[in-house]
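To start, the structure under review is shown below, and the notes come after it.
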Amino acid sequence: MQFKSLALFIGASLAIAAPAALAAPSARICGNDQVASAAIEQALGLKLASARSDNTKSAAGTSSAAFTATRIPIYFHVITDGTNGKLSSTNINNQISVMNSAYSGTGLSFYLAGSETTTNSNWFNNVNQGTTAERQMKSALRKGGANALNVYTVNFSGGLLGYATFPWSYNSNPSNDGVVMQWSSYPGGPITNYNGGKTLVHEAGHWVGLYHVFQGGCSGSGDYVDDTPPQSTATSGCPANQDSCSGGGPDSIHSYMDYSYDDCLTEFTSGQIARLQAAMDSYRL
């Protein structure tokens with residue numbers, strides 16, 4: 001149950017001294033709350049049912065429906081104000097290592113296809129969903145096709161850590177596709193509890209077709225994944241035995257699609273993996 005004063009520097013970044021610690025957000029905040037149309041969810045449901053059927057036949061030796069392992073190119077767009085927001089090549093490579101560790105077993109792996117650093121104070125401080133700054137930034141910088149994950153690192157206010165587009169939105173607005181995330185959330189970054197690199201793992205989860213595990217609360221279709229119990233609460237921290245929908249089973253506090261601390265996020269469920277594979281097959285690959 002229940003995605004010209006501009007200075008552009010392309011290439012490997014110089015090593016950067018670790019910044020001073022920043023105030024950590026009081027809780028993880030993700031900007032994604034969109035839901036696909038009923039028609040899209042119906043189509044994904046049919047694809048998942050077909051895959052389950054084919055996998056059953058495969059077990060009997062009559063056919064195979066295995067998801068084809070796929071390498072996803074990542075284009076890293078580092079936005080700075082000239083002083084803040086800089087990331088080194090080591091920071092970026094460490095982030096991709098976290099991605100590959102998190103997505104091992106899903107059939108997806110990631111490699112750095114390119115990186116660039118752009119100095120633009122307006123983009124660094126004012127990008128958010130639907131803003132002019134966002135449209136300008138993505139129109140100028142986005143690379144690749146539907147299968148390419150474009151990551152933009154900026155400075156959000158108010159505790160927002162990131163947002164992403166969903167795979168079914170690509171065809172209607174290709175230039176908007178990608179993940180925008182708080183620059184300081186990289187592995188070893190300066191924000192306590194959210195500096196394990198899991199922000200990109202979470203936002204990329206939306207980019208491959210997953211919702212939050214607390215989508216829809218205790219009733220309805222939730223996140224459209226059968227093995228994530230109904231959940232009404234976005235987890236904060238890493239609580240023991242949280243069960244926000246009585247009788248449905250413990251909340252999925254360790255799922256990458258919850259709001260727990262980075263150290264607490266450790267898994268995609270089998271159902272989440274099946275859904276992301278169906279969504280990727282349908283819209284990105």
Side-chain angles (χ1 to χ4, degrees), residues 3 32 36 40-41 43-59 63-77 92-115 138 141-152 162-181 187 197-211 223-228 255-257 265-285:
F3 146 163
N32 285 75
I40 286 173
E41 289 300 343
L44 284 175
L46 291 171
K47 189 173 184 70
L48 282 165
S50 176
R52 282 192 289 266
S53 175
D54 286 348
N55 283 332
T56 299
K57 293 176 183 177
S58 178
S63 68
S64 176
F67 180 79
T68 302
T70 303
R71 297 183 73 223
I72 302 297
I74 293 184
Y75 292 95
F76 238 93
H77 309 284
I92 293 170
N93 288 330
N94 287 345
Q95 177 65 82
I96 291 177
S97 293
V98 170
M99 287 283 286
N100 280 321
S101 177
Y103 282 85
S104 64
T106 69
L108 300 179
S109 61
F110 302 85
Y111 68 95
L112 183 63
S115 65
K138 290 181 173 180
L141 300 180
R142 193 188 184 282
K143 294 178 173 65
N147 71 317
L149 175 54
N150 281 253
V151 177
Y152 307 84
Y163 62 88
T165 57
F166 287 100
W168 44 83
S169 301
Y170 176 81
N171 283 339
S172 63
N173 193 358
S175 66
N176 188 53
D177 188 64
V179 166
V180 184
M181 71 176 195
K198 303 296 179 63
T199 291
L200 183 55
V201 174
H202 176 100
E203 298 306 335
H206 295 308
W207 187 82
V208 300
L210 300 179
Y211 295 129
D223 64 350
Y224 292 87
V225 174
D226 290 341
D227 61 359
T228 55
S255 169
Y256 292 116
M257 302 316 294
L265 301 181
T266 58
E267 66 181 13
F268 290 113
T269 68
S270 295
Q272 287 175 319
I273 291 171
R275 178 180 169 87
L276 74 83
Q277 289 177 347
M280 291 295 285
D281 261 344
S282 296
Y283 298 103
R284 291 204 182 278
L285 304 179

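Residues take their numbers from the sequence shown, with the count starting at 1.
Smallest separation of non-hydrogen atoms from Pro73 and Ala113: CB-CB, 3.7 Å. Closest approach of Trp168 and Gly209 over heavy atoms only: CH2-O, 3.8 Å. Minimum interatomic distance between Lys198 and Leu265 (heavy atoms only, all atoms of both residues): NZ-O, 2.7 Å. Scanning both residues, Asp227 and Gly271, for their nearest heavy atoms gives OD2-N, 2.8 Å. The nearest pair of heavy atoms linking Pro187 to Val98 is CG-CG2, 3.7 Å.
Here His206 contributes atom NE2 and Tyr211 contributes atom OH; the two are 10.5 Å apart, rounded to the nearest 0.5 Å. Here the CD-CG distance, from Gln95 to Leu200, works out to 4.5 Å after rounding to the nearest 0.5 Å. For the atom pair OG1 (Thr70) and OH (Tyr103), the distance works out to 13.5 Å, reported to the nearest 0.5 Å. Atoms CZ and CG, on Arg275 and Asp226 in that order, are 11.0 Å from each other to the nearest 0.5 Å. Here CG of Asp281 is found 4.5 Å from NZ of Lys47. Values are rounded to the nearest 0.5 Å. Here the straight-line distance linking atom CD1 of Ile96 with atom OG of Ser109 works out to 11.0 Å at 0.5 Å rounding.
Residues Leu149 and Met99 form a side-chain contact, since some pair of their non-hydrogen atoms from C-beta on lies under 4.5 Å apart. Between Ile72 and Leu285, the closest side-chain pair of non-hydrogen atoms falls below 4.5 Å. With a 4.5 Å cut-off on side-chain heavy atoms, His77 and Lys138 do not count as touching. Using a 4.5 Å heavy-atom cutoff, the side chains of Leu48 and Tyr224 are not in contact. No side-chain heavy atom of Tyr256 sits less than 4.5 Å from a side-chain heavy atom of Gln272. Contact check for Ile92 versus Leu112: side-chain heavy atoms found under the 4.5 Å cut-off.
Counting only distance, with no hydrogens or angles, the side chain of Asn147 and the backbone of Arg284 share no donor-acceptor pair below 3.5 Å. Distance alone, capped at 3.5 Å, is enough to place a donor-acceptor pair between the Ser172 side chain and the Ser169 backbone.
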- Under the side chain to side chain contact (heavy atoms under 4.5 Å, CB included) criterion, do Phe268 and Leu210 qualify, and how do the steps go? CA-CA 10 Å; Phe268 290 113; Leu210 300 179; 3.7 Å; yes
- Check against side chain to side chain contact (heavy atoms under 4.5 Å, CB included), Leu108 and Phe67: CA-CA 10 Å; Leu108 300 179; Phe67 180 79; 4.0 Å; yes
- Task: Start with the C-alpha distance between Arg142 and Tyr152, add both sets of side-chain angles, then the distance that settles side chain to side chain contact (heavy atoms under 4.5 Å, CB included), and finish with yes or no.
- Result: CA-CA 9 Å; Arg142 193 188 184 282; Tyr152 307 84; 3.2 Å; yes
- Using the side chain to side chain contact (heavy atoms under 4.5 Å, CB included) rule, take Trp207 and Asp177 through it: C-alpha gap first, then chi angles, then the decisive distance, then the call. CA-CA 8 Å; Trp207 187 82; Asp177 188 64; 3.1 Å; yes
